[in-house]
Amino acid sequence: MAAVRRRSESVSVEKFAEGAAERQELFNSIAPVYDKLNDVFTLGIHRLWKRWAKEGDKVLDVCCGSGDLSFLLSEKVGINGKVIGLDFSKELLQIASTRQHKRSQSKACYKNIEWFEADATNLPFLDSSFDAATIGYGLRNIVDRKKALEEMVRVLKPGSKLSVLDFNKSTSKLMCTIQECMLDYIVVPVASWYGLRSEYRYLNNSIKEYLTGNELEKLALDAGFSQAKYYEIAGGAMGNLVATR
Ligand SMILES: C/C(=C\Cc1cc(O)c2ccccc2c1O)CCC[C@H](C)CCC[C@H](C)CCCC(C)C
Ligand SMILES: C[S@@+](CC[C@H](N)C(=O)[O-])C[C@H]1O[C@@H](n2cnc3c(N)ncnc32)[C@H](O)[C@@H]1O
């Protein structure tokens with residue numbers, strides 16, 4: 001079992017990880033088991049929800065974590081394209097870089113990925129730098145979501161698109177119940193075997209505090225995108241916002 005840093009159980013879940021620094025520490029602490037638990041909990045299908053981009057594009061993957069989306073984008077844009085994976089978790093970026101080194105031995109395209117340790121609310125790139133951007137399961141975890149979206153508007157080329165993949169804060173009581181039961185009775189108990197009970201209780205709370213599809217469309221327009229359309233996927237468990245710069 002991967003060694004993970006234990007967090008004081010004394011921190012109440014409701015108050016846990018409210019600030020950006022605490023969330024940065026949260027993801028650094030779950031890094032060693034992040035990929036394995038995601039695959040276990042969704043039988044790997046979370047990777048299907050993460051496909052996007054075209055040959056030759058220069059694409060930004062914001063909140064890239066261990067690089068799942070960045071690798072999928074790398075295959076899509078090919079050796080003539082470029083993928084920038086950005087995250088503020090040093091530990092998850094280290095895992096992404098290690099995965100890239102191993103995978104590059106069989107697929108040359110993965111050499112087109114570059115990793116940046118930075119904050120999504122202060123992107124270290126010039127205006128109109130990217131042909132597309134993605135943020136997979138990241139916007140929900142960002143404290144200042146509007147500022148992050150404003151930064152994505154700034155670094156995207158006019159007419160290009162942002163894909164935001166995350167949990168769907170469903171208006172269906174049934175889906176909310178299914179999500180809550182799976183998180184409370186499967187995800188959190190399994191995560192507690194790894195000493196990560198509070199980290200995964202945060203996940204549950206972060207979904208409750210997230211935005212609905214309509215609210216995400218409005219936030220994207222308020223941040224400066226010209227168009228925004230929200231799609232429910234995975235039976236309403238997940239959602240995909242597509243916004244045009
Ligand atoms: C990659 C996924 C979610 C992002 C995410 C994952 C984590 O492990 C976290 C841990 C701690 C804090 C935040 C996160 C986080 O934002 C998606 C898959 C992983 C989920 C843990 C699986 C949850 C299962 C769903 C409740 C139900 C799925 C239904 C589907 C139809 C199979
Ligand atoms: C649930 S993980 C998603 C990782 C990856 N996109 C995936 O699909 O598996 C959320 C990621 O967002 C990052 N994150 C949260 N807030 C951030 C911020 N303000 N700036 C940069 N990264 C951030 C965390 O470090 C973590 O790697």
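Keep in mind that the numbers below use all heavy atoms, side chains included, and drop hydrogens, waters and symmetry copies. When a ligand or atom number is given, it counts from 1 through the structure's own listing order.
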* Please determine if Lys58 forms a cation-pi arrangement with Phe130, meaning its NZ or CZ atom is less than 6.0 Å from the six-membered ring centre and no more than 45° off the ring axis. => yes
* Mark the output for Ala20 as yes if a heavy-atom distance to ligand 2 is under 4.0 Å, and as no if none is. => no
* Pairwise ring-ring contact (aromatic ring centres under 6.0 Å, His included) hits with a residue in residues 142-162, at least two apart -> none
* Asked: Would one find an N or O of Leu86, backbone or side chain, under 3.5 Å from an N or O of ligand 2?
  -> no
* Structure fact -> Rounded to the nearest 0.5 angstrom, the CD1-NZ distance for Ile79 and Lys111 is 11.0 Å
* CG on Leu37 to CG on Leu196, rounded to 0.5 Å -> 7.0 Å
* Asked: Any nitrogen or oxygen of Asn141, main chain or side chain, under 3.5 Å from a nitrogen or oxygen of ligand 1?
  -> yes
* May I ask you to list the atoms of ligand 2 that are less than 4.0 angstrom from any heavy atom of Gly65? => 4 (C), 27 (O)
* Structure fact -> Among Phe167, Phe116, Phe88, Tyr137, the residue with a heavy atom nearest to atom 22 (N) of ligand 2 is Phe88
* Any N/O of Tyr34 closer than 3.5 Å to an N/O of ligand 2? -> yes
* Strictly by modelled atom types, are Thr212 and Glu215 linked by a side-chain donor-acceptor pair under 3.5 Å? -> yes
* With a 4.0 Å heavy-atom cut-off (strictly under), which part of Ile178 contacts ligand 1: side chain, backbone, both or neither? -> neither
* Asked: Of the choices Tyr200, Tyr210, Tyr137, which has the non-hydrogen atom that lies closest to atom 17 (C) of ligand 1?
  -> Tyr137
* To do: Please determine if Tyr202 has a nitrogen or oxygen closer than 3.5 Å to a nitrogen or oxygen of ligand 1.
  => no
* Asked: Side chain or backbone of Met182 under 4.0 Å from ligand 1, or both, or neither, by non-hydrogen atoms?
  -> side chain
* Identify, by atom number and element, the atoms of ligand 2 in contact range of Asp119, meaning under 4.0 Å from any of its heavy atoms. => 18 (C), 19 (N), 20 (N)
* Asked: About how many Å separate OG of Ser206 and CG of Leu183, when rounded to the nearest 0.5 Å?
  -> 8.5 Å
* **N/O separation below 3.5 Å, Tyr34 to ligand 1** => no
* Asked: Looking only at distance, does Cys63 have an N or O less than 3.5 Å from an N or O of ligand 2?
  -> yes
* Quick one: which of Leu203, Leu37, Val188, Asp35 has a heavy atom closest to atom 9 (C) of ligand 1? -> Leu203
* **N or O contact, Ile142 vs ligand 2, cut-off under 3.5 Å** => no
* Single hit among Ser104, Ser66, Ser70 for side-chain hydrogen bond (donor to acceptor under 3.5 Å, both in side chains) with Arg99 -> Ser66
* Could you list which atoms of ligand 2 come closer than 4.0 Å to a heavy atom of Ser89? => 25 (O)
* Evaluate the criterion side-chain contact (heavy atoms from CB on, under 4.5 Å) for residue pair Glu91 and Ile95; output intermediate values, then yes/no. => CA-CA 6 Å; Glu91 272 75 356; Ile95 290 168; 5.6 Å; no
* To do: Check the side chains of Lys161 and Thr244 for a donor-acceptor pair under 3.5 angstrom, ignoring hydrogens and angles.
  => yes
* Asked: Any N or O of Asp87 that comes nearer than 3.5 Å to an N or O of ligand 2?
  -> yes
* Asked: In Å, rounded to the nearest 0.5 Å, how long is the span from CG of Asp68 to CG of Asn38?
  -> 7.0 Å
* To do: Check whether any N or O atom of Leu69, backbone or side chain, sits under 3.5 Å from an N or O atom of ligand 2, and answer yes or no.
  => no
* Could you tell me if any non-hydrogen atom of Ala118 lies under 4.0 Å from any atom of ligand 2? => yes
* Asked: Backbone or side chain, does any N or O of Asn38 fall under 3.5 Å from an N or O of ligand 1?
  -> yes
* Roughly how far, to the nearest 0.5 Å, is the CD atom of Glu117 from the CD atom of Gln94? -> 10.5 Å
* Cationic tip of Arg103 above Phe71 ring, under 6.0 Å, 45° of axis -> yes
* Would you tell me whether Asn168 and Tyr210 have side-chain atoms, one donor and one acceptor, within less than 3.5 Å of each other? => no
* **Close approach of Asn141 to ligand 2, heavy atoms, under 4.0 angstrom** => yes
